[in-house]
Enquirer: 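The structure that follows is given in the form of structure tokens.
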Amino acid sequence: MIDLRLLREDPDRVRASQRARGEDVALVDALLSADERRRSSGSRFDELRNEQKLIGNRIRSAQGDEKAELLKRASTLAAEAKAAGAEQSEAAEEAKRLQGLFANLLHPDAPVGGEEDFVTLEHVGTPRDFAAEDFEPRDHVELGRILGAIDIERAAKVSGSRFYYLTGIGALLELALVNMAIAQAVEAGFTPMLTPALVKPRAMEGTGFLGQAAENVFRLEEDDFYLVGTSEVPLAAYHMDEIIDADRLPLRYAGFSPCVRREAGTYGKDTRGIIRVHQFDKVEMFVFTTPEEAEAEHQRLLQWEKDFLDKLELAYRVIDVASGDLGSSATRKFDIEAWIPTQGKYRELTSASNCTEYQSRRLDIRMRGEGGNRPLATLNGTLCAVPRTIVAILETHQQADGSVLVPEALRPYLGGRSVLEPVGK
RNA sequence: GGAGAGGUGUCUGAGUGGUCGAAAGAGCACGCCUGGAAAGUGUGUAUACUUCAAAAGGGUAUCGAGGGUUCGAAUCCCUCCCUCUCCGCCA
């Protein structure tokens, strides 16, 4: 949700942001007038109620004719106040609805444009040169089969396309990655959290996933639940309706949960393998902090993401995502894309978003400090989205015989194993 | 799934039609007291809106949510939600 005060004071700034995102600019004037209607009908209601209360008090002690007179007047006032109240709540509802349609205000440094207009901030590591090593790399599907780690065929039988089983060493690999991620997060001061995967509409809406992203959200219609596409949702909503003492901030949580996504509109995209699946597990970092600290925290999240990928000895680049590809909650977003050898390109592995006060306004989360209560900032960043991380590891660290070297930092989490060996069928 | 109990401010907990944004206690903050602390003592301590106001302050709303009765609702009625206890079932 955007700041109404800012909208009133500087509507042009909001217009510019909407424009850069490719969102509806006319929304600005619609909200301005709805807000005005809300305030004028509100003050009318307040006045009527005030008068009604004053008369009501006099009725208690009044007698005879005077009392009858007052009762008559109070009756009229009651009806008027009720009507005014109805108008006020209707206007307030409309203003709220419009306010909810806005995307977050764009960060001034975020690149403007569509998906292709991102800015590359840095490259880390060098993509492995298989040609120089004189062997043709296998893709992760093939490696997963050879290692007995990934079974896509049987998943298709059981659940359809875009599903997979992690089997044997594949399952162990996930658990190792998750444990390593959680260990790093705990080391950095995060509180580990296992979160619900089903949430009520309010949580989903408050996190900003029912806007343009709605088509990718699974819903259990019969029970009015949504399935979360990331633990960002239950983590953000964790403090819903709360006022948090400013000196408790930052609150840093590392959530682990299944993530379920419809992946609508991606037919024919990434149909092979486990790059794009309907269900996966993920360790997600989530932070509640002051608006003043948000940008610095954004950088810290990015650094923790890099630390993790560094430990996995992957080559990657960091991009500053362009305005049109941001998602409604983020003011700015940094993605890390790892090099996937058989695709010959970088693919998104993690994503760190600064949502400023956008989510906290929607979820009614505030901080209590000097200067009164005000919304706080929320940020989120992927620490480890399992399947894509597995893809990058298998493809990057494979050897000519189909085995895969385990990055050193990961070995303790795999019982000391240093190589994943092919299994006989 | 069956039966029952209950939802009041940071917490405990009073309050069954008006003077109740709400007793009392605890906690917390500040002050007094003290060599320092404890005890004691005093004051303060919800949130939101506001085309009322420079500010102090004022007005309005909120006692799980929504609706109803009434001049007037925390209090009466209806619907919904949630929590707890017992029984059953179950990873």
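The sequence lines fix the lettering, A, B, ..., with proteins before strands; numbering per chain opens at 1.
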Enquirer: In Watson-Crick or G-U wobble terms, both distances under 3.5 Å, what is the partner of B/rA56?
Expert: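 No nucleotide pairs with B/rA56.
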Enquirer: Without decimals, in angstroms, what is the distance between A/Asp247 CG and B/rC28 C1'?
Expert: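 One finds 12 Å between C1' of B/rC28 and CG of A/Asp247, rounded.
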Enquirer: Specify whether A/Phe218 and A/His278 have parallel, tilted or perpendicular ring planes, treating 30° as the upper limit for parallel and 60° as the lower limit for perpendicular.
Expert: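 Aromatic pair A/Phe218/A/His278 classed perpendicular.
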Enquirer: When the distance from NZ of A/Lys72 to C1' of B/rU70 is rounded to whole Å, what number comes out?
Expert: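 Atom-to-atom, A/Lys72 to B/rU70, this comes out as 19 Å.
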Enquirer: Suppose we define a pair by two distances each less than 3.5 Å, Watson-Crick or G-U wobble; what does B/rC90 pair with here?
Expert: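 No nucleotide pairs with B/rC90.
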Enquirer: On a whole-Å scale, what distance lies between the P atoms belonging to B/rU83 and B/rA61?
Expert: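 Result for the P pair: 31 Å, nearest Å.
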Enquirer: Report, as a single string ordered 5' to 3', how protein heavy atoms within less than 4.0 Å touch nucleotides 47-65 of chain B: B base, S sugar-phosphate only, - not at all.
Expert: SSSSBS------BSS----
Enquirer: Considering only atom P, compute the distance from B/rC87 to B/rA29 and round it to an integer number of Å.
Expert: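 Going atom to atom, P in each nucleotide, I get 44 Å.
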Enquirer: How far, in whole Å, is B/rA56 from B/rC63 if one measures between their P atoms?
Expert: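 My reading of the P atoms in B/rC63 and B/rA56 gives 27 Å.
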Enquirer: Considering heavy-atom distances to RNA chain B, does A/Leu70 or A/Ser89 have its closest nucleotide positioned more toward the 5' end?
Expert: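 Counting from the 5' end, the first nearest nucleotide belongs to A/Ser89.
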Enquirer: Look at A/Lys82 and B/rG68 and indicate whether a side-chain polar atom (N or O) is within less than 4.0 Å of OP1 or OP2.
Expert: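 Looking at the OP1 and OP2 atoms of B/rG68, one of them is under 4.0 Å from a side-chain N or O of A/Lys82.
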Enquirer: Counting distance only, does the side-chain N/O of A/Arg261 pair as donor-acceptor with the main-chain N or O of A/Val217 below 3.5 Å?
Expert: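 Such a contact is absent between A/Arg261 side chain and A/Val217 backbone.
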Enquirer: In whole Å, I'd like the distance from the CG atom of A/Asp241 to the P atom of B/rA46.
Expert: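 Roughly 19 Å, once rounded to whole Å.
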Enquirer: Which whole number of Å gives the distance between the C1' atom of B/rA22 and that of B/rA14?
Expert: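 Roughly 10 Å separates the two C1' atoms.
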Enquirer: In the structure shown, which nucleotide is the Watson-Crick or G-U wobble counterpart of B/rG35, with both distances under 3.5 Å?
Expert: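 WC or wobble partner does not exist here.
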Enquirer: Under 4.0 Å between a Lys/Arg side-chain N and an Asp/Glu carboxylate O for A/Glu205 and A/Arg202?
Expert: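 Salt bridge flag = no for A/Arg202 with A/Glu205.
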Enquirer: Taking atom P in both B/rU85 and B/rU12, compute the distance separating them and give it to the nearest angstrom.
Expert: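 Between the two P atoms, the distance is 15 Å.
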Enquirer: In the strands shown, is B/rC30 matched to any nucleotide by a Watson-Crick or G-U wobble pair with both distances under 3.5 Å, and which?
Expert: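 For B/rC30, the partner nucleotide comes out as B/rG42, under the 3.5 Å rule.
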Enquirer: Using whole Å, report how far CD of A/Glu90 lies from C1' of B/rG67.
Expert: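 For the pair A/Glu90 CD and B/rG67 C1', the rounded distance is 17 Å.
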Enquirer: Taking side chain to side chain contact (heavy atoms under 4.5 Å, CB included) as the test, write out the residues that go with A/Thr396, two or more places apart.
Expert: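 Partners of A/Thr396 by the side chain to side chain contact (heavy atoms under 4.5 Å, CB included) criterion, ordered by chain and then number, come out as A/Leu314, A/Pro341.
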Enquirer: Please report the distance, rounded to the nearest Å, between CD in A/Gln52 and P in B/rU70.
Expert: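 Rounding to the nearest Å, CD of A/Gln52 and P of B/rU70 are 13 Å apart.
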Enquirer: In whole angstrom, give me the gap between the P atoms of B/rA39 and B/rU45.
Expert: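 Taking atom P in both B/rA39 and B/rU45, they lie 23 Å apart.
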Enquirer: For B/rU75, give the paired nucleotide (Watson-Crick: N1-N3 plus N6-O4 or O6-N4; G-U: N1-O2 and O6-N3; both under 3.5 Å), or none.
Expert: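 Check on B/rU75: unpaired, no WC or wobble geometry under 3.5 Å.
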Enquirer: Below 4.0 angstrom, N of the basic side chain to O of the carboxylate: do A/Arg145 and A/Glu142 qualify?
Expert: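 Yes.
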Enquirer: Could A/Arg300 and A/Glu293 be called an ion pair, given the rule that one side-chain N must be under 4.0 Å from one carboxylate O?
Expert: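 Salt bridge: yes.
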Enquirer: Between B/rA23 and B/rG13, how far apart are the C1' atoms? Round to whole Å, please.
Expert: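 One C1' to the other, the span is 10 Å.
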Enquirer: For a quick check of understanding: with a heavy-atom distance under 4.0 Å over all strands, which category does A/Ile55 fall into, base, sugar-phosphate or nothing?
Expert: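 Result for A/Ile55 = nothing.
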Enquirer: Whether A/Lys333 and A/Asp325 form a salt bridge (side-chain N of Lys/Arg under 4.0 Å from carboxylate O of Asp/Glu) is what I want to check.
Expert: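 No, no charged N to carboxylate O under 4.0 Å.
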Enquirer: Determine which nucleotide pairs with B/rU85, using a 3.5 Å limit on both distances of a Watson-Crick or G-U wobble pair.
Expert: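 Checking every strand shown, B/rU85 finds its partner in B/rA3, with both distances under 3.5 Å.
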Enquirer: When you compare B/rA24 with B/rC81, how far apart are their P atoms, in angstrom units rounded to a whole number?
Expert: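 After rounding to an integer number of Å, I get 37 Å for this pair.
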Enquirer: Which whole-number value in Å describes the distance from A/Asn57 CG to B/rA73 P?
Expert: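 It is 12 Å, rounded to the nearest whole Å.
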Enquirer: Using a 4.5 Å cut-off on heavy atoms from C-beta on, say whether the side chain of A/Leu251 contacts that of A/Ile244.
Expert: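 SC-SC contact between A/Ile244 and A/Leu251 confirmed.
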